[in-house]
There are 2 protein chains.
Amino acid sequence: MKTKVTEVGEFIRQQRERSAISLRKLADRAGISNPYLSQIERGLRKPSARILKAIAAGLSISAETLYERAGLLDGAAHPEVMEAIANDNTLTERQKQALAEIYKSFVEAPGEE
Amino acid sequence: MKTKVTEVGEFIRQQRERSAISLRKLADRAGISNPYLSQIERGLRKPSARILKAIAAGLSISAETLYERAGLLDGAAHPEVMEAIANDNTLTERQKQALAEIYKSFVEAPGEE
DNA sequence: ACAGAGTGCTAGCAATTGCTAGCACCCGTG
DNA sequence: CACGGGTGCTAGCAATTGCTAGCACTCTGT
């Protein structure tokens with residue numbers, strides 16, 4: 001199931017407001033100009049991946065999330081978390097279990113914030 | 001850290017030659033102009049993510065790979081788990097970060113055992 | 001030898017990105 | 001009231017992207 005439709009800028013604004021941070025402050029953190037961030041949030045400009053990455057860092061979210069939102073990555077064809085963990089040979093069994101436990105606790109306790 | 005390595009254009013050229021396909025043909029497949037692809041391969045231009053994605057499709061490789069090479073994504077030593085986490089809609093951003101942190105700490109701290 | 005198709009590259013341009021400077025507005029404090 | 005300091009936004013520009021047109025070179029085949 002894809003969380004599409006939301007424009008990148010719109011999503012960025014949501015995330016920013018959810019963090020109760022001003023536009024200028026986020027622009028500062030991301031190292032970009034505040035007018036430009038403003039235009040991005042309103043969908044007037046299509047930022048480059050470099051800028052998206054900086055914004056993601058400023059928002060403390062993953063760049064992948066923004067890229068996907070921007071249509072720069074298709075979220076399809078990605079393995080599920082549990083499956084990926086199980087298939088990762090660099091993890092010990094104990095680590096796999098620990099990760100799985102944590103993941104499950106997150107999923108089963110929604111609305112967390 | 002890490003992920004220094006080869007320039008993205010250099011990598012593209014390697015992949016293209018490994019496929020024994022001409023520059024023009026790849027440009028055609030990717031739907032971009034051949035002079036521009038030429039400049040990208042020689043490192044004269046920094047292509048946008050949109051173009052990188054198209055090239056990746058033309059080369060039948062994942063966009064993530066190119067993004068990573070271009071410095072648009074970091075980490076990715078173990079993309080499966082990280083991507084699965086990033087694309088899991090049931091997790092909040094905070095939870096995603098937490099899981100990613102834990103996973104990374106596991107992977108980057110070997111010698112366990 | 002010439003024509004033709006294939007290769008990669010240079011030149012020059014329209015459109016877009018991302019910037020600085022500055023406007024209009026809303027607060028709180030003297 | 002006036003003065004900062006905060007918010008988001010508009011205007012205008014330099015730099016960059018990504019394009020079309022065309023050059024120089026190498027192979028084929030006739």
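Letters go in sequence order (proteins before strands), and every chain restarts at 1. If you're wondering where the values come from, they're calculated on a predicted model, not measured in any experiment. Atom set for the values below is all heavy atoms of this structure, side chains included, hydrogens, waters and symmetry mates excluded.
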Please give, in whole Å, the distance from [N] [atom2] to [X] [atom1]?
X     : N      : atom1 : atom2 : value
A/D28 : D/dG8  : CG    : C1'   : 15 Å
B/I40 : C/dG8  : CD1   : C1'   : 14 Å
B/I51 : D/dT17 : CD1   : C1'   : 9 Å
A/R50 : C/dT17 : CZ    : C1'   : 9 Å
A/E17 : D/dT7  : CD    : P     : 13 Å
B/L26 : C/dT7  : CG    : P     : 12 Å
A/L37 : C/dG18 : CG    : P     : 12 Å

5' priority, DNA chain C, between A/S33 and B/I21 [closest heavy atom]: B/I21
Which heavy-atom pair separates A/L52 from A/L66 by the least distance, and what is that distance? O-CD1, 3.4 Å
Using the side chain to side chain contact (heavy atoms under 4.5 Å, CB included) rule, take B/L72 and B/V8 through it: C-alpha gap first, then chi angles, then the decisive distance, then the call. CA-CA 11 Å; B/L72 269 36; B/V8 59; over 6 Å; no
Considering just the side-chain nitrogens and oxygens of B/R16, establish if one lies under 4.0 Å of OP1 or OP2 belonging to C/dG8. yes
Which residues satisfy the side-chain hydrogen bond (donor to acceptor under 3.5 Å, both in side chains) test with [X], sequence neighbours excluded?
X     : result
B/S62 : B/T65
B/R45 : none
A/S48 : none

Hey, could you give me the [atom1]/[atom2] distance between [X] and [Y], rounded to the nearest 0.5 Å?
X     : Y     : atom1 : atom2 : answer
B/F11 : B/I55 : CZ    : CD1   : 11.5 Å
A/R69 : A/E10 : CZ    : CD    : 9.5 Å
A/S38 : A/R13 : OG    : CZ    : 6.0 Å

Sequence neighbours left out, what passes side chain to side chain contact (heavy atoms under 4.5 Å, CB included) with A/A63? Give chain and number order. A/K53, A/A56, A/Y67, B/L73
Taking protein heavy atoms under 4.0 Å as touching, what does nucleotides 9-16 of chain C look like 5' to 3' if B marks base contact, S marks sugar-phosphate-only contact and - marks none? BB------
Report which part of the nucleic acid B/S48 touches: base, sugar-phosphate, or nothing (heavy-atom distance under 4.0 Å, all strands). sugar-phosphate
Among D/dG18, D/dC19, D/dG8, find the nucleotide with the atom closest to the side chain of A/S22. D/dG8
Scan nucleotides 25-27 of chain D against the protein and return all N/O pairs shorter than 3.5 Å with their distances rounded to 0.1 Å.
none

